[in-house]
Amino acid sequence: MATSLSFTEAAALAIVLMVGIHALRARSSSEGRRPPGPRGFPILGNLLQIPGQHPATYFRKLFEEYGGLVSLNVAGFPIILVGNMTLAKELLEKRSAKFSSRQATPYSRCYDPDQNHWPVHSGKSHFIGRKLSASIMTGVRAGETEPLQQFEALISATRILDDRGSSWFHEVERTAASMVLTAGFGFHCPTGDEPELKELLACIADIIVLSSPNGSIINALPFLDKIPGIPKPWRVPADAFRRREEAVYGKLVTRAVSGEAAGMNTWAALFASEDKPEGDQRRLMNPFATAAIETTASSLQAFVLACILHPQWIARAQAQIDTIVGPDRIPTFQDRARLPWIEAVVRETHRWRPALRFGLPHKSTADDIVEYQGQEYYIPKGSIVLAVTMAIEHDQNNYENPDEFHPERFLDDKGQLKGGYETSAFGFGRRLCSGLPFAERSLWINIAMMLWAFNIHKSEERDSRTGLPFEYSSGDEAFFGGVTNAPLPFPAVFQPRTAHHEEVIREEWANCEKDLNVLLQHKTEIDK
Ligand code: HEM
C-alpha cells in the first residue's frame, strides 16, 4: 500500500510547485517588506534550492537561520513558511477567512471536473464536503464508530499474533484502510487482498501521478485544452482515471446505499441522502479514503518505531493499563478517560512524527500584514502558506529534547494530562482535518491494544538489502522523502506480554460481535 501513502504528498507538492508554473500571473499590486529568507536566483528564485526529497528538513534549517517566519520565492511566486505555533494560529486560524484557499492544478479540470476531490479545491464542493463531514463527525464524536474501530483493532492484534508480527507493517495499513472504508462504505477488508481495495489503491496511485505538477503539459500551457479541433492526448489518461474511479467508488457507494451494506450507518449513505438541501453528494466521499489511509497508517507505524527507538516510557504506560484494564480483558473506549498515559502516547506520536510534515498548503486570498518579533511583514495575496508541522512540533522553546519520544511531557506530576494541549498535526482553521475525531479514536484504540497485548522490540532479522542486521533510525533516511512522515517498511517483534494475554485475545476474538450491521447500527436502532 506504499503507493497510497502519497496522495496528500502529491496534492501538497502540486500546490507548491504549481505556483512556479504560474509565476508572475498573480503578482500583487502593492509591495511591502517580506519575511526574511534565502537569496534566490534571477527568475527562478529559490526553486532550485528546495530539495525534492525531505523539503521539511530544509525548511527547519531555514527557521534556525531566519526565525519562525520565512519567505521563499518560487519563480516569482511567494511561499511563506511558518515554523511557530503562535504565528500559525494567528494566520491560519484567526485570519482563516484570508488564509484558507487552495491552489489546484489546471489539469485537475480534466480528471476531476466536478471538484470531487474537495480537499485540494476551494469553492462549492469544499463548502459542501466540509458541511457533510461535520455531520458525519458529530456521529463519530458521539461514539458511533467506536465498536467498529475496537473490532478492527482486535482483528489487527489477532493477525499480528498469528504471524508473530512478520507482516505487521502491512497489517497496520490494512487496519487503517478497513476502518475508514467500513465506516465510509460498509466495505470491510479483513485480509487486505480484497480486489476492490486493490482497485481503490490503484486509483489513489493514479491520482498521485495526475495531480503532480508535471502530470500534464496542461499545467504549463492551460490554453491548449481550450483550443477547439486539435487532438487532446492529455485527456486520455484523465478520462481513463475518471472511468476507473467512477467504477470503483460507484460499486462501493451502491453497496452502501442500496446493496449489502444498506442496513449499516455508513458515511456514504449519509452523503447520498436526498433529503438534504445539498442533494446527492455521494462523490464527495471519495477523498475520505485518500486522506485517511496514509495518515492513520503512517502514524501507527511511527508509534511502533518510537517503541523500538525510545522504549523507556513503555513500562510505565503498561503499568497503568494493567491497573485499569487488568490482564483478563482487552482495553476498550470505556477505559479512555482513565488511561491518560495512552492519550499522552497518542499526542506524542502526533508530535514526534506528524503524519504530514508541513500540512497541506493554504493559499491566501488577500494582501495582509503580520507582526513577528516587533517587525511588520507583508504577505501578498496569492501566497502559499505552509505551516511546517515538523518545525512547530519540534520547537525547542516548547519541547525539551524535541527529537526524542517522551509521552510524559504531556502529563503533570500527578500523572494527569496537562491542560492547554495544542497541536499543528491536523492543520488549522477552516481547513482543519475533517476526520480528526475518527483519526484520534483510530490511533487511541490501536495503540492501547498493542501496548496491552505486546512487548514490541527490534528484530534481529537481517536487512535483505544489505545482508546485515537491520539498522533502525528515525532520521530522514528511514522515511519516504516528501510531505508525509511515512516510515519505510521495517521489521518489528511483537511478543505477547504473557501466554494469558494471548489467550485473552483469542477468546475475545472468538466471542466478539462480528456482524457489521450490528457494529455500525443506525442510531435509531440503538435508541429502540
Ligand atoms: C493521523 C491521522 C490524520 C492526520 C495527522 C491528518 C492530518 C491532516 C492535515 C494536516 C490536513 C490539512 C489541514 C490544513 O490544510 O490545515 C488534513 C486534511 C484533511 N483530512 Fe486529515 N488527517 C488524518 C486522518 C484523517 C482521516 C481519518 C480522515 C477522514 C476520515 C481525514 C480527512 C481529511 C480531509 C477530508 C481533509 C481536507 C480538509 C479540507 O481541505 O478542508 N483525515 N488532515
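In each ligand, atom 1 is the first atom listed, and ligand 1 is the first ligand listed.
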K.L.:
Which of the numbered atoms in ligand 1 are under 4.0 angstrom from any heavy atom belonging to H126?
P.N.:
39 (C), 40 (O), 41 (O)

K.L.:
Counting heavy atoms only, name the option from V120, T295, I136, L356 that's nearest to atom 9 (C) of ligand 1.
P.N.:
L356

K.L.:
So, 4.0 Å and heavy atoms of P287: is ligand 1 close enough to count as a contact?
P.N.:
no

K.L.:
Within the structure provided, determine whether E408 and W341 are in side-chain contact (heavy-atom separation under 4.5 Å).
P.N.:
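Of all side-chain heavy-atom pairs linking W341 with E408, at least one is under 4.5 Å.
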
K.L.:
Cation-pi between R353 and F405: NZ/CZ under 6.0 Å from ring centre and within 45° of the ring axis?
P.N.:
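Ring-cation test returns no.
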
K.L.:
Would you please indicate yes or no on a ring centroid separation below 6.0 angstrom for F490 and W168?
P.N.:
yes

K.L.:
Which one of W267, F288, F426 satisfies the ring-ring contact (aromatic ring centres under 6.0 Å, His included) criterion with F438?
P.N.:
W267

K.L.:
Within a distance under 4.0 Å of any heavy atom of A355, pick out the atoms of ligand 1 and give their elements.
P.N.:
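This gives 5 (C) as the contact atoms.
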
K.L.:
Tell me which one of R430, H121, R130 gets a heavy atom nearest to atom 39 (C) of ligand 1.
P.N.:
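It is R130 whose heavy atom sits nearest to atom 39 (C) of ligand 1.
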
K.L.:
Salt-bridge test for R283 and D114: reply yes if a basic N is under 4.0 Å from a carboxylate O, no otherwise.
P.N.:
no

K.L.:
Taking both backbone and side-chain atoms of H362, is any N or O found less than 3.5 Å from an N or O belonging to ligand 1?
P.N.:
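By distance alone, the answer is yes.
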
K.L.:
Do Y111 and Y107 make the cut of ring centroids closer than 6.0 angstrom?
P.N.:
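Under 6.0 Å, so yes.
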
K.L.:
Should we say atom NZ of K124 is surrounded by more than 12 heavy atoms from elsewhere, each under 6.0 Å from it?
P.N.:
no

K.L.:
Write out the residue and atom name of the closest protein heavy atom to atom 36 (C) of ligand 1, then the distance separating them to 0.1 Å.
P.N.:
S434 N, 4.0 Å

K.L.:
What atoms of ligand 1 come closer than 4.0 angstrom to any heavy atom of G427?
P.N.:
10 (C), 13 (C), 14 (C), 16 (O)

K.L.:
Evaluate the side-chain proximity of V70 to P35: yes if any heavy-atom separation is below 4.5 Å, no if none is.
P.N.:
no

K.L.:
Go through ligand 1 atom by atom and flag the ones less than 4.0 Å from a non-hydrogen atom of A425.
P.N.:
5 (C), 7 (C), 10 (C)

K.L.:
Identify, by atom number and element, the atoms of ligand 1 in contact range of F288, meaning under 4.0 Å from any of its heavy atoms.
P.N.:
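Checking each atom against F288, I get 29 (C), 30 (C).
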
K.L.:
Distance under 4.0 Å to a non-hydrogen atom of S299: what atoms of ligand 1 satisfy this?
P.N.:
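That gives atoms 1 (C) of ligand 1.
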
K.L.:
Should one rank F358, F426, F428 by closest heavy-atom distance to atom 11 (C) of ligand 1, which comes out on top?
P.N.:
F426

K.L.:
Please confirm whether T296 comes within less than 3.5 Å of ligand 1 when only nitrogen or oxygen atoms on both sides are compared.
P.N.:
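In this structure, T296 places no N or O atom under 3.5 Å from an N or O of ligand 1.
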
K.L.:
If you take the nearest heavy atom of each of P119, S122, C433, which one is closest to atom 19 (C) of ligand 1?
P.N.:
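Minimum heavy-atom distance to atom 19 (C) of ligand 1 goes to C433.
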
K.L.:
Find out whether the Lys NZ or Arg CZ of R347 is both under 6.0 angstrom from the six-membered ring centre of Y421 and within 45° of the ring's axis.
P.N.:
yes

K.L.:
Look only at the side chain of S383 and the backbone of V385, and say whether a donor-acceptor pair between them is shorter than 3.5 Å.
P.N.:
no

K.L.:
Report yes if R102 has an N/O atom closer than 3.5 Å to an N/O atom of ligand 1; otherwise report no.
P.N.:
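Yes, there is a polar N/O contact under 3.5 Å.
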
